[in-house]
Number of protein chains: 2
Amino acid sequence: MPPATTRSKTEPRLSRPEQVARKIKDAVVERGLRPGDRLPSEAEMMAEFAMSKGTIREAMRILEAQGLVKSRTGPGGGVFVHEVGTERARALLSNYFWFRDLTIADVYQMRRAMEPELAAALAGHLEEPVLAELEAIAARYAAPAATIEEERDQHVASLDFHATLARQSDNPLLGFVIGFTVSLLTEITLQRQLYEPPNEQLRATGHDYHCRLLAALRAGDGGAARAIMKAHMENAWSLMGNQEALALGRFLPD
Amino acid sequence: MPPATTRSKTEPRLSRPEQVARKIKDAVVERGLRPGDRLPSEAEMMAEFAMSKGTIREAMRILEAQGLVKSRTGPGGGVFVHEVGTERARALLSNYFWFRDLTIADVYQMRRAMEPELAAALAGHLEEPVLAELEAIAARYAAPAATIEEERDQHVASLDFHATLARQSDNPLLGFVIGFTVSLLTEITLQRQLYEPPNEQLRATGHDYHCRLLAALRAGDGGAARAIMKAHMENAWSLMGNQEALALGRFLPD
DNA sequence: CCCAATTTGTTCGTATGTATC
DNA sequence: AGATACATACGAACAAATTGG
């Protein structure tokens with residue numbers, strides 16, 4: 001590790017809590033600590049780093065905000081190494097895209113590339129309970145919606161179909177990225193109310209693709225699953241593109 | 001916002017700094033604050049939330065750790081809304097994969113799907129300076145390496161070629177994910193020393209693919225760029241898979 | 001059920017550092 | 001150089017949560 005004096009001028013020197021957080025993190029890595037392992041108590045860290053309680057606590061907050069540790073009160077309590085959860089990782093990453101307004105096209109460019117790969121990999125590898133769960137989800141948008149609220153729920157359910165598929169991936173990277181992409185799309189859809197006006201064609205073709213995909217997954221036909229998912233993505237992309245254009249039109253009437 | 005009493009038992013109630021951080025974040029969203037906008041001073045927040053300085057400071061650390069704010073001392077100082085940087089987002093997300101040991105196969109399953117898509121999208125859209133930069137990078141592994149150190153540097157450079165391509169994407173999502181995937185691969189390669197033993201075939205074919213890709217990108221031939229990148233990924237995958245097997249063999253000799 | 005011990009959580013007062021005018 | 005306004009840090013005390021007797 002380079003000495004602290006070699007810092008460049010562009011990175012402002014770290015505050016003391018940041019220094020402590022960094023050192024704790026390095027120590028965890030170096031000593032190979034695993035989730036559940038206990039870190040030194042506040043009192044011990046105050047002595048170890050010769051810093052006040054407040055400073056140590058701020059350092060722990062930094063690590064906790066990143067999902068790396070979790071603290072408990074009481075005897076046997078303390079600060080413990082923690083595995084970053086999927087939900088937390090999603091939330092942290094979605095902050096990155098907050099000021100980088102993504103378009104539907106951006107999201108679908110990703111989906112078009114990734115989801116067919118996932119479908120192919122999953123074919124023949126899903127247990128019956130999962131297949132049943134997917135069928136239950138698909139059943140929720142088997143028929144046209146009667147109200148706007150139902151329309152929105154159907155839209156979310158059809159995205160949940162893909163999120164459920166993503167959770168089945170034994171590739172953590174692929175699973176996370178697809179799950180994140182789907183959650184991004186869900187946020188965008190709900191925030192801009194892209195389920196309005198109702199798009200019967202989007203629902204009908206989506207449901208049909210999902211059913212055919214399930215059949216291919218159950219049959220273990222990876223090639224077919226990939227092809228169906230690919231066609232599904234292309235189709236959804238063009239239909240969702242229309243929805244986005246309509247939504248934009250709501251604010252740019254002419 | 002639901003009242004605090006409606007929290008479930010599974011999510012332990014939030015600590016006060018977490019509550020404050022949450023409320024500040026909500027306020028930023030609701031009031032449409034942009035990067036550079038100033039948040040209330042510590043003193044004002046102490047009054048606003050009726051909490052002590054330490055608690056407010058811990059809340060600011062939480063937001064700062066997520067890259068959402070940045071604080072400056074002195075007159076005119078304070079806490080300011082901040083755009084989450086690419087570097088920080090990468091670091092936060094890589095924590096997620098820390099205890100989920102990824103394999104080379106996992107990473108390449110992603111790359112096989114995404115990089116051809118990026119190549120196709122970039123064809124004909126790169127400025128001359130960028131193309132020149134890419135050529136300069138490729139020149140660094142045009143010839144076999146003489147030492148192990150040079151071997152490692154060439155390996156990193158050939159990955160930097162892809163990172164540089166990713167930065168050119170006008171799709172922030174695709175660009176980030178590919179950049180992140182490449183940085184993951186760089187970490188794995190360096191940590192497990194997968195550049196050892198030297199693999200001349202990997203270097204030679206990689207350089208050849210990069211050169212042919214550059215030609216297609218310059219010519220604006222998206223289809224060719226996609227095909228070349230796809231073949232490149234398949235080829236690199238099988239060769240890197242061998243490297244991984246060899247590395248595993250170092251620890252499992254028989 | 002209460003009590004005591006242990007550990008994090010929170011407060012207040014004060015002092016120091018830093019950047020602007 | 002000095003005054004001002006802000007974050008940064010320290011120390012002592014007290015509060016709350018959890019565990020075990």
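So you know, we letter chains A, B, ... as the sequences are listed, proteins then strands, and number each from 1.
- Of all nucleotides listed (D:dA9, C:dT11, D:dC6), D:dA9 comes nearest to the side chain of A:Ser15.
- Rounded to an integer number of Å, the gap from CZ of A:Arg13 to C1' of C:dT18 is 9 Å.
- The nearest pair of heavy atoms linking B:Tyr96 to A:Val84 is CD1-O, 3.5 Å.
- Once rounded to the nearest 0.5 Å, the distance linking OG of A:Ser169 with CD of A:Glu117 reads 9.5 Å.
- With DNA chain D read from its 5' end, the first of the two nearest nucleotides for A:Met51 and B:Ser41 is the one closest to B:Ser41.
- In summary, B:Arg152 and B:Glu149 do not engage in a salt bridge, as defined by a charged side-chain N under 4.0 Å from a carboxylate O.
- In this structure, the nucleotide among C:dT18, D:dT8, D:dG11 sitting nearest to the side chain of A:Ser52 is D:dG11.
- Under 4.0 angstrom from either OP1 or OP2 of C:dT18 there lies no side-chain N or O belonging to B:Thr73.
- Residue order along DNA chain D, read from the 5' end via each residue's closest nucleotide, puts B:Leu39 first among A:Gly74 and B:Leu39.
- Here B:Arg61 does not pair with B:Glu58 in a salt bridge; the nearest charged N to carboxylate O distance is not below 4.0 Å.
- Within the 4.0 angstrom heavy-atom criterion, only backbone atoms of the sugar-phosphate kind lie near B:Gly78; the bases stay farther away.
- At least one side-chain nitrogen or oxygen of A:Thr55 sits closer than 4.0 Å to the OP1 or OP2 atom of D:dC10.
- Between the CE atom of B:Met45 and the P atom of D:dC6 there is a distance of 12 Å, given to the nearest Å.
- The side chain of B:Arg61 contributes an N or O atom lying less than 4.0 Å from OP1 or OP2 of D:dA9.
- B:Ser71 has a side-chain polar atom (N or O) that falls below the 4.0 Å cut-off from OP1 or OP2 of D:dT8.
- At whole-Å resolution of the value, CZ in B:Arg38 and P in C:dA19 are 16 Å apart.
- Taking atom CG of A:Leu63 as the reference point, atom P of C:dT8 lies 14 Å away to the nearest angstrom.
- Residue B:Arg16 places none of its side-chain N or O atoms closer than 4.0 Å to OP1 or OP2 of D:dA16.
- In this structure, CD1 of A:Ile62 is placed 14 Å from C1' of D:dA9, rounded to the nearest angstrom.
- The minimum heavy-atom distance linking B:Gln66 with A:Ala65 is given by the pair NE2-O, 3.9 Å.
- Within the structure, every side-chain polar atom (N or O) of A:Arg72 is placed at least 4.0 Å from both OP1 and OP2 of C:dT8.
- Between the NZ atom of A:Lys53 and the P atom of C:dT7 there is a distance of 11 Å, given to the nearest Å.
- Between the CZ atom of A:Arg57 and the C1' atom of C:dT7 there is a distance of 11 Å, rounded to whole Å.
- The CE-P distance, from A:Met46 to C:dG9, rounds to 14 Å in whole Å.
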